[in-house]
Amino acid sequence: MEDISQILDSLNPIQREAVAAPTGHLLILAGAGSGKTRVLVHRIAWILATQQAQAYNILAVTFTNKAASEMQKRINQLLDGISTTGLWVGTFHGICHRFLRMHWQEAKLPNTFQILDSDDQQRTLKRILIAQGLDEKTWTPKQVQHFINNHKEQGLRPQHIHVEAHETWLKRMLSIYQTYDEHCQRNGLVDFAELLLRTYETLRDNDALRNTYQTRFRHILVDEFQDTNTIQYKLIQTLVGKDSHLFIVGDDDQSIYSWRGAKIENIQRINQDYPNTHLIRLEQNYRSTGTILAVANQLIANNKKRLGKNLWTAGEKGDPVYLYTAYSDLDEARFVADKIAEWQGKWQEIAVLYRTSAQSRVFEEALLQRNIPYRIIGGLRFYERAEIKDVLAYLRLLHHRHNDTAFERIINLPKRGIGDKTLESLRATARQHQCSLWDAIQHALASQQLTKRAATPLLSFSTFIEELSQKIAGQPLHEQIKQIIQQAGLVAHYQKDDPVDATRRQENLDELQTAAEQFEKLYYSEPDIISAFLAQAALEAGEGQSQAFEDCVQLMTLHAAKGLEFTLVFLGGLEEGLFPHQNSIDEGNLEEERRLCYVGITRARQTLYLCHSENRAQYGQRSNAYPSRFIAEIPRELIQEVRLKTAFSVKSSVAIDASFQLGDNVRHPTYGDGVIIEQEGQGELMRLRVAFSNGTSKWLLLAYTRLEKMG
DNA sequence: TAAGCCGAACTTTTT
DNA sequence: GTTCGGCTTA
């Protein structure tokens, strides 16, 4: 590239220092909104433009597909036509998958190995547990899944785990782990954690291969390093050769995934493991107002375990941060929705953030009532939807008859009269012959031991799959999918199963065909497009819903908000027990909750509303709630409390609004709208009987209730 | 075999 | 208060 300066010109001095740093290991502590992605992208462009290395020598790792594609896109923009062929940008899992596809022999995998997603893994484990005759109450698939993934993420195989003779629980767990691994190996299945562990082990044990990659990757860039788990860090360490340079970007204050195995210690360990690492802090924030940053800084300063960092901005102080004390969760939602309704800009500039997904419902209802379009981020993703997984299971089985996971999913979908009894005998046959369930059908039919009632549907299923397989052979991917949906009669099945959901499912199936068509266009040169498509479906589960409604208020959990920014942010449910969550309080994990709050606050560009409620319905129970300690940790002078303009009674206040009269329309934070139908007593002892629109009526002591007088 | 009823659980979730 | 999964009944 002729114009190297263009890569540096748009950066501030510290960003420039990071981007143009001489080779050597670098740790960039990048605060929220400090231009983290920008620095990563410009660093890659800088390396290429100054010809320190070829694209082929660079590896850039991210945590989400979104971040990876964003980075790839921005690199291409910046380099404007200069080839980046050979550059590896992807998620840990994506990169490991690629590696294992290339080196399946060294990794001791079949070249047709399939990825087992979380759901498939759980189903597989469930079958193993049942096969071993274990009590489902004591040995839940979920618990076992957690145990296995947890150990794989620490790089531990069953034989590495020390067990004492008396530890029966652990012994049994290890034996299940072992059985599961053997099952996967036999059937060419690789779960998410295995992608990483297998790659690590292959590189560790194969000197030639390791040397090749260590020599190749002269620049290894890692984003969101505070989120790496043990095996991910080990993998990185294995890739670092004597001429490799680490460029690590992270923010210890934004580490919010310890419950998922992320080790915040990794970022603190870098200096020990690579003593010559140069540390650079990016503290200038380009996102939020001075006040919002002050609030964030003050809050996070309460954490003890920090590398330390203070965000600042050259911009304005801006609005104060608002605090609204709601009477109930409904009132909180009403307030938020009313404020949103006043908004002059685009809906998509607004986010409502909360600690738990269950909180979204009241916000949804309030927004729905006001006809404000919204979108919930997170939840079930496209390729995780049952109907999508059903079709993909057919596709899998049609191309790999011995895939038992796929087989189990669709053997009786739609209903073919093959029930648990028949299936159980098939499983037994499969175990006995050490074969797949598909082959077990042939054995079972040949042995003539089945009743006619069981044999007939099995035979027709087997014929159906064979015929469909011949029919779709050689056809394009989207056509195969179309045929599967039609021939299997899936639409009719969903219609019968749940007529209300059927339309939505149908739409998703159409979407799947479109997605397949797009995939074909993009990867037309791929030799095995079916496998590639299936792998992508597992690794990149896609968005929750289509992007059709672009301009929407965004509702999401704080975890889902990481990395995003909005002009106007509402942070709801700041209550003890909810945020910080009770479990975190009990586990003494308050610092992570505080970081989560810090993440939430730093999402806001211009205006931030903090909300808490004095009363909240949870698990169908209504109870009192107390303001979160995080509110108390923010200096009062940075906060402006919001009060209602309408007449309302104030608990323990001197002035009790006496303007309530018979017949007045009122609103109660918990019970909703109503009319005053009786009145007795005076002053603080005044009691009002209110008939609510839900049909109930209640006596309310004015001094202790929170009634609002309506127009 | 399949539909319907009842009891238990319930933070966060990417790959 | 909802959802999921297991158990019972037709």
Side-chain angles (χ1 to χ4, degrees), chain A residues 61-68 90-97 115-122 126 130 136-137 140-142 146 149 152-153 190-197 224 227-229 231-232 255-262 329 353-362 377-381 383-384 386 412 414-424 451 453-454 457 496-498 535-544 556-563 573 577-587 589 592-593 595-597 599-600 616-622:
Chain A
V61 200
T62 64
F63 270 82
T64 64
N65 292 297
K66 206 172 152 191
T91 62
F92 273 103
H93 294 84
I95 280 162
C96 289
H97 176 238
I115 298 174
L116 211 56
D117 71 18
S118 211
D119 185 59
D120 291 340
Q121 184 187 31
Q122 217 177 92
K126 190 171 176 180
I130 292 173
E136 283 183 64
K137 295 240 161 52
T140 64
K142 227 182 169 157
H146 184 90
N149 291 345
K152 283 192 180 184
E153 276 161 14
V190 176
D191 62 47
F192 286 143
E194 184 76 28
L195 284 171
L196 305 181
L197 181 53
E224 306 274 21
D227 287 338
T228 47
N229 60 31
I231 192 69
Q232 285 162 341
S255 159
I256 55 175
Y257 286 112
S258 73
W259 51 276
R260 203 158 84 180
D329 45 351
L353 310 180
Y354 36 78
R355 179 65 179 83
T356 70
S357 345
Q359 287 167 256
S360 72
R361 237 197 62 204
V362 276
I377 311 292
L380 206 52
R381 318 244 299 286
Y383 285 103
E384 287 167 1
N412 202 26
K415 302 266 181 326
R416 309 188 159 85
I418 303 173
D420 268 353
K421 271 277 155 53
T422 315
L423 200 49
E424 196 36 64
T451 59
R453 186 168 171 200
K496 199 177 156 206
D497 189 54
D498 187 346
Q536 131 129 2
L539 284 174
E540 198 167 335
E543 283 285 314
M556 69 194 93
T557 63
L558 286 153
H559 284 90
K562 185 151 154 243
L578 183 62
F579 190 24
H581 195 273
Q582 192 56 49
N583 294 357
S584 300
I585 299 175
D586 296 344
E587 291 160 15
N589 206 3
E592 180 147 322
E593 292 282 307
R595 290 194 290 268
L596 195 53
C597 190
V599 166
R616 181 170 296 273
Q618 227 179 345
Y619 309 135
Q621 288 259 293
R622 196 156 269 297

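Letters A, B, ... mirror the listed sequences (proteins, then strands); counts begin at 1. As the structure is a prediction and not an experimental result, all values here were calculated from the model.
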Show the nearest heavy-atom pair for residues [X] and [Y], with the distance to one decimal.
X        : Y        : value
A/Ala541 : A/Glu384 : CB-OE2, 4.0 Å
A/Glu153 : A/Gly261 : OE1-CA, 4.5 Å
A/Val599 : A/Leu558 : CG1-O, 4.3 Å

Between [N] ([atom2]) and [X] ([atom1]): distance, integer Å:
X        : N      : atom1 : atom2 : answer
A/Ile231 : B/dT15 : CD1   : P     : 19 Å
A/Leu353 : B/dT13 : CG    : P     : 12 Å
A/Gln536 : B/dT15 : CD    : C1'   : 13 Å
A/Leu596 : B/dT13 : CG    : C1'   : 12 Å
A/Lys66  : B/dT15 : NZ    : P     : 10 Å
A/Met556 : B/dT13 : CE    : P     : 11 Å

Would you indicate, yes or no, if [N] has its OP1 or OP2 atom less than 4.0 angstrom from a side-chain nitrogen or oxygen of [X]?
X        : N      : result
A/Arg361 : C/dG1  : no
A/Thr356 : B/dC10 : no
A/Asn65  : B/dT15 : yes
A/Ser584 : B/dT11 : no
A/Thr91  : B/dT14 : no

**Request:** Sticking with atom C1', work out how far C/dG5 lies from B/dT12, rounded to a whole angstrom.
**Result:** 23 Å

Categorize [X] for me: base, sugar-phosphate, or nothing, with a 4.0 angstrom heavy-atom threshold over every strand shown.
X        : result
A/Glu593 : base
A/Ser118 : base
A/Asn412 : sugar-phosphate

What's the closest nucleotide to the side chain of [X] if the choices are [options]?
X        : options                : value
A/Lys126 : C/dG6, B/dT11, B/dT15  : C/dG6
A/Ala560 : B/dT13, B/dT15, B/dA2  : B/dT13
A/Tyr619 : B/dT12, B/dT15, B/dT11 : B/dT11
A/Arg381 : B/dT12, B/dT14, B/dT1  : B/dT14
A/Thr64  : B/dT15, B/dT11, B/dT13 : B/dT15

| Does the A/Asn65 side chain pair with the main chain of A/Leu539, one donor and one acceptor, at a distance under 3.5 Å? | yes

**Request:** Measure from the ring centre of A/His581 to the centre of the six-membered ring in the base of B/dT11, then say whether that distance is under 5.5 Å and the planes meet at under 30°.
**Result:** yes

- Query: What do you reckon, do A/Trp259 and the base of B/dT12 stack, with centroid distance below 5.5 Å and planes below 30°?
  - Reply: yes

Nearest-nucleotide check on DNA chain B, A/Glu384 vs A/Lys415; residue mapping nearer the 5' end is A/Lys415

Assign each of A/Ile256 and A/Ala538 the nucleotide of DNA chain B bearing its closest heavy atom; nearer the 5' end lies the nucleotide of A/Ile256

Using a 4.5 Å cut-off on heavy atoms from C-beta on, say whether the side chain of A/His581 contacts that of A/Thr356. yes

- Message: Does any part of the side chain of A/Asn149, heavy atoms only, come nearer than 4.5 Å to the side chain of A/Arg260, both counted from C-beta?
- Response: no

Distance-only donor-acceptor test, A/Arg260 side-chain atoms vs B/dT13 base atoms, 3.5 Å:
no

